[in-house]
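Here is the structure we will look at, set down as structure tokens.
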Amino acid sequence: MLRVRFAPSPTGYLHIGSARTFIFNWLYARRNGGTMILRLDDTDVERNTQASIDSIFDGLRWLDLSWDEFYRQSDRVELHRAAANLILEKGLAYRDFTPADTSLEEKVHDGQAWSGNPGQREMPKEESDRRAGAGEPFVIRYLVPRETGRAVTFSDSVYGEQAKSCDDIEDFALLRSNGMPTYHLASCADDADLRISHIIRGQDHLTNTFKHVLIFEAMGAAVPQFAHLPLLIAPDGAKLSKRKHGPVVSVTTYRDAGFLPHSYVNFLCLLGWSPKDNREQMTRDEIIGVFRFEGINRSNSVVNFSEEDPIDPKALWLNSQHLRSLPVAEILPGVTAVLQAAGLTIPEDVAHFASVVDLIRARYTTLLDFGVKGRPYFSDDFSIEPAAMEKLDVAGARELLAELAERLAGDPEFGEAVVEAHLRALATERGVKAGVLINGSRAALTGQAVGPSAFHLFTAVGRERAIARLRAVAR
RNA sequence: GGCGCCAUCGUCUAAGGGUUAGGACGGAGCCCUCUCAAGGCUUUAAUAGGGGUUCGAAUCCCCUUGGCGCUACCA
């Protein structure tokens with residue numbers, strides 16, 4: 001039974017690095033027929049917020065990611081305490097009665113790392129039991145077997161064989177003096193109880209894993225397979241943080257910037273993973289089909305953004321590629337939402353709506369473009385850009401456009417071929433280049449100097465509107 | 001400080017003993033063309049440094065340097 005989990009702490013907004021971790025777990029589960037579990041690691045009561053929980057759900061829902069089981073660590077505290085007490089009873093942990101050190105000073109001893117508070121490890125069981133019985137507060141620490149000289153080892157699916165001497169592992173806490181489990185204990189107890197088979201998480205946990213192996217062993221549980229992921233970092237080399245780098249770290253930023261959910265998933269997958277065959281733009285099923293741990297890199301990936309380009313240019317490019325190549329029907333809901341938000345009306349004729357979207361989407365990079373650059377296609381209320389005005393101010397242009405309007409109005413037939421025939425005939429008669437009329441038409445119909453083929457524009461805008469807009473510009 | 005991890009174009013990456021070190025984004029240019037995109041073509045740009053091993057090293061080993069992580073009764 002393959003079971004993986006994504007276990008975020010709800011202490012901030014859904015981070016793009018967290019989203020990527022979810023995606024890699026999800027990909028592994030979906031590819032191998034496993035179960036995807038979402039678990040809120042909310043044991044740090046002080047820092048948890050409902051806003052954060054909402055943000056996690058919102059972000060995952062937007063990315064169209066799903067899970068099969070859901071848990072909250074705070075509902076499972078009894079299980080964690082029982083695990084800590086079991087380890088204590090087995091003699092693999094001890095009580096530490098040292099008061100909590102609230103200072104931030106580092107515990108350094110002659111070049112040696114701190115390994116435990118003095119006099120606690122060695123305390124006789126009788127004394128420990130007596131003091132605990134007397135109500136003295138204590139923290140339960142793992143009794144790291146340093147005397148044995150053994151090294152803790154595990155094989156990581158990404159980073160390979162790992163080993164660390166017990167001399168270099170401090171007696172970490174399992175249960176706090178307030179009776180709440182620490183992250184390490186809660187996480188391992190839950191992973192064991194939920195029978196997690198593969199733990200796929202950020203590389204920042206790589207060195208914590210030695211502690212986790214020790215906990216699994218002490219609980220008598222099977223040690224899961226680990227796969228650590230390289231971290232996502234900022235161009236300055238620092239870990240991405242909301243405080244330092246702003247909105248780029250938040251998943252909602254990309255939703256609000258008009259990204260297609262899948263294209264952002266695609267982009268995230270390419271950070272630290274490669275299908276190794278030069279493919280970049282892929283459908284969801286294609287990614288699921290080729291996702292393997294062997295394709296995951298070991299070095300951190302930079303999310304490339306700057307003051308001038310707040311969004312990674314490659315993410316934007318990928319979005320434009322998906323925007324133009326997905327079946328139109330798939331992007332229609334997103335376009336509709338953007339148009340509604342911009343106060344524009346959606347054409348009632350769905351086929352026509354789809355054809356207009358299809359005509360203009362190849363020039364756009366995000367969904368937001370439909371509400372801005374796409375305005376003339378969905379509203380009569382649009383302005384004429386300076387560059388378009390120049391096209392209209394070409395000598396004779398306005399008069400020619402007016403004449404074109406009359407010829408179209410007098411012809412019961414309408415269509416790209418009909419428009420082209422009238423336009424070219426008129427240009428020939430007057431001895432002007434067709435370009436004057438073509439560019440002028442585009443300017444009159446959309447207020448823009450750039451855009452799709454002018455003839456396609458007539459059908460996109462529609463007969464009556466096209467004639468009206470040509471006439472409007474003639475004055 | 002200790003321990004661990006990492007190191008290929010500006011960025012994402014491929015090549016895991018033998019390649020003119022490949023692709024993509026971005027930049028520059030050309031072609032196409034009714035404009036703008038798209039597309040096609042060309043171009044720009046990399047194996048951190050130093051030692052080994054080897055006929056041959058981006059690739060294996062060592063050192064240095066740099067970056068990151070952990071070193072909390074945070075996660």
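Order of the sequence lines fixes the chain letters, A, B, ..., with proteins taken first and strands second; residue numbering starts at 1 for each chain.
- Listed nucleotides B:rC5, B:rA75, B:rA38 differ in distance to A:Arg324; the shortest reach to its side chain belongs to B:rA38.
- Here B:rU71 presents its C1' atom at 10 Å from CG of A:Asp168, a figure rounded to the nearest Å.
- In this model, the phosphate group of B:rC73 is approached by a side-chain N or O of A:Arg141 to a distance below 4.0 Å at OP1 or OP2.
- Of the P atoms belonging to B:rC3 and B:rA48, the separation is 25 Å, rounded to the nearest Å.
- You'll find the ring centres of A:Phe70 and A:Phe57 inside the 6.0 Å limit.
- Atom-to-atom, CG of A:Asn266 to P of B:rC25 comes out at 13 Å; the value is rounded to the nearest Å.
- Environment of NZ in A:Lys242: crowded, with over 12 heavy atoms of neighbouring residues, nucleotides or ligands closer than 6.0 Å.
- B:rG52 sits 30 Å from B:rG69 when the C1' atoms are compared, rounded to a whole Å.
- Within the 4.0 angstrom heavy-atom criterion, base atoms lie near A:Asn208.
- In this structure, B:rU20 forms no base pair with any nucleotide, since neither Watson-Crick nor G-U wobble geometry is met with both distances under 3.5 Å.
- Of the candidates B:rA37, B:rC5, B:rC73, the closest approach to any side-chain atom of A:Thr182 belongs to B:rC73.
- Not counting sequence neighbours, A:Tyr159 has no partner by the ring-ring contact (aromatic ring centres under 6.0 Å, His included) test.
- With A:Asp171 as reference, A:Arg121 is the one residue of A:Arg141, A:Arg95, A:Lys211, A:Arg121 to meet the salt bridge (Lys or Arg N to Asp or Glu O under 4.0 Å) rule.
- To the nearest whole angstrom, the two P atoms, one in B:rA45 and one in B:rA28, are 16 Å apart.
- A gap of 35 Å separates the P atoms of B:rG66 and B:rG26, to the nearest Å.
- Straight-line distance from the CG atom of A:Leu231 to the P atom of B:rC68: 11 Å, rounded to whole Å.
- Straight-line distance from the CG atom of A:Asp369 to the P atom of B:rC36: 18 Å, rounded to whole Å.
- Atom-to-atom, NE2 of A:His456 to C1' of B:rU35 comes out at 13 Å; the value is rounded to the nearest Å.
- For B:rG39, the paired nucleotide is B:rC31, the pair qualifying as Watson-Crick or G-U wobble because both relevant distances are below 3.5 Å.
- Nearest to the side chain of A:Pro313, among B:rC25, B:rA75, B:rC73, sits B:rC25.
- Side-chain atoms of A:Ser453 come within donor-acceptor range of the base of B:rC34, with a qualifying N/O pair under 3.5 Å.
- No contact: A:Arg279 has no heavy atom under 4.0 Å from any strand.
- In terms of heavy atoms, A:Leu426 sits closest to A:Leu400 at CD2-O, 3.5 Å.
- Pairing partner, B:rU8: none, since no Watson-Crick or wobble contact has both distances short of 3.5 Å.
- Within 4.0 Å of A:Thr98, counting heavy atoms only, lies at least one base atom of the nucleic acid.
- Taking the C1' atoms as reference points, B:rC6 lies 16 Å from B:rA58, given to the whole Å.
- One finds no side-chain N or O of A:Ser187 lying less than 4.0 angstrom from the OP1 or OP2 phosphate oxygen of B:rA75.
- Counting non-hydrogen atoms under 4.0 angstrom, A:Lys239 reaches the backbone sugars and phosphates but no base.
- Between A:Lys244 and A:Asp236 there is a salt bridge, since at least one side-chain N of the basic residue sits less than 4.0 Å from a carboxylate O of the acidic one.
- Nucleotides B:rG1 and B:rU64 are separated by 13 Å at their P atoms, to the nearest Å.
- Checked against the 6.0 Å centroid criterion, the rings of A:Phe154 and A:Phe210 qualify as a close aromatic pair.
- Going from atom CG of A:Asp358 over to atom C1' of B:rA38 covers 13 Å, rounded to whole Å.
- Contact of A:Arg442 with B:rC34 (side chain to base): a donor-acceptor pair of N or O atoms is detected under 3.5 Å.
- Separating the C1' atom of B:rC9 from that of B:rG27 is a span of 13 Å, rounded to the nearest Å.
- Residue A:Gln73 is tested with A:Leu40, A:Leu79, A:Asp41 for a side chain to side chain contact (heavy atoms under 4.5 Å, CB included); the sole match is A:Asp41.
- Of the candidates B:rA37, B:rA75, B:rC6, B:rA75 carries the atom nearest the A:Tyr183 side chain, counting heavy atoms from C-beta on.
- Put simply, the side chain of A:Thr207 and the base of B:rC3 share no donor and acceptor less than 3.5 Å apart.
- Within 4.0 Å (heavy atoms only), A:Gly435 reaches no atom of the nucleic acid at all.
- Residue A:His228 is classed as having no contact, given no heavy-atom separation below 4.0 Å to the nucleic acid.
- Counting non-hydrogen atoms under 4.0 angstrom, A:Pro8 reaches nothing in the nucleic acid.
- In this entry B:rU47 has no Watson-Crick or G-U wobble partner, no candidate having both defining distances under 3.5 Å.
- On a pure distance criterion of 3.5 Å, no polar donor-acceptor pair joins the side chain of A:Asp204 and the base of B:rA75.
- Ring-centre distance between A:Phe293 and A:His228: not below the 6.0 Å cut-off.
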Table of protein N/O atoms under 3.5 Å from nucleotides 7-13 of chain B N/O atoms:
from   : atom 1 : to       : atom 2 : distance (Å)
B:rC12 : OP1    : A:Val302 : N      : 2.8
B:rC12 : O2'    : A:Leu270 : O      : 2.8
B:rC12 : O2     : A:Lys314 : NZ     : 3.3
B:rU13 : OP1    : A:Gly272 : N      : 2.3
B:rU13 : OP1    : A:Ser301 : OG     : 2.7

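- Whole-Å rounding puts the A:Ile360 CD1 to B:rA38 P distance at 16 Å.
- Between B:rG4 and B:rU42, the distance separating the two P atoms is 48 Å to the nearest Å.
- Nucleotide B:rG1 forms a pair with B:rU71, judged by Watson-Crick or G-U wobble geometry with both contacts under 3.5 Å.
- Aromatic rings from A:His262 and A:His322 are positioned such that their centres are separated by under 6.0 Å.
- The interatomic distance linking A:Glu170 (CD) with B:rG1 (P) rounds to 18 Å, in whole Å.
- Within 4.0 Å (heavy atoms only), A:Ala449 reaches at least one base atom of the nucleic acid.
- Remark: A:Gln162 is in phosphate contact with B:rC5, judged by side-chain N or O atoms under 4.0 Å from OP1 or OP2.
- The list of salt bridge (charged side-chain N to carboxylate O under 4.0 Å, His left out) pairs with a residue in residues 297-325 of chain A, not counting sequence neighbours, reads A:Glu280-A:Lys314.
- Map A:Ala454 and A:Tyr364 each onto its nearest nucleotide of RNA chain B; the residue landing nearer the 5' end is A:Ala454.
- Among the atoms of the strands shown, base atoms are found under 4.0 Å from some heavy atom of A:Pro99.
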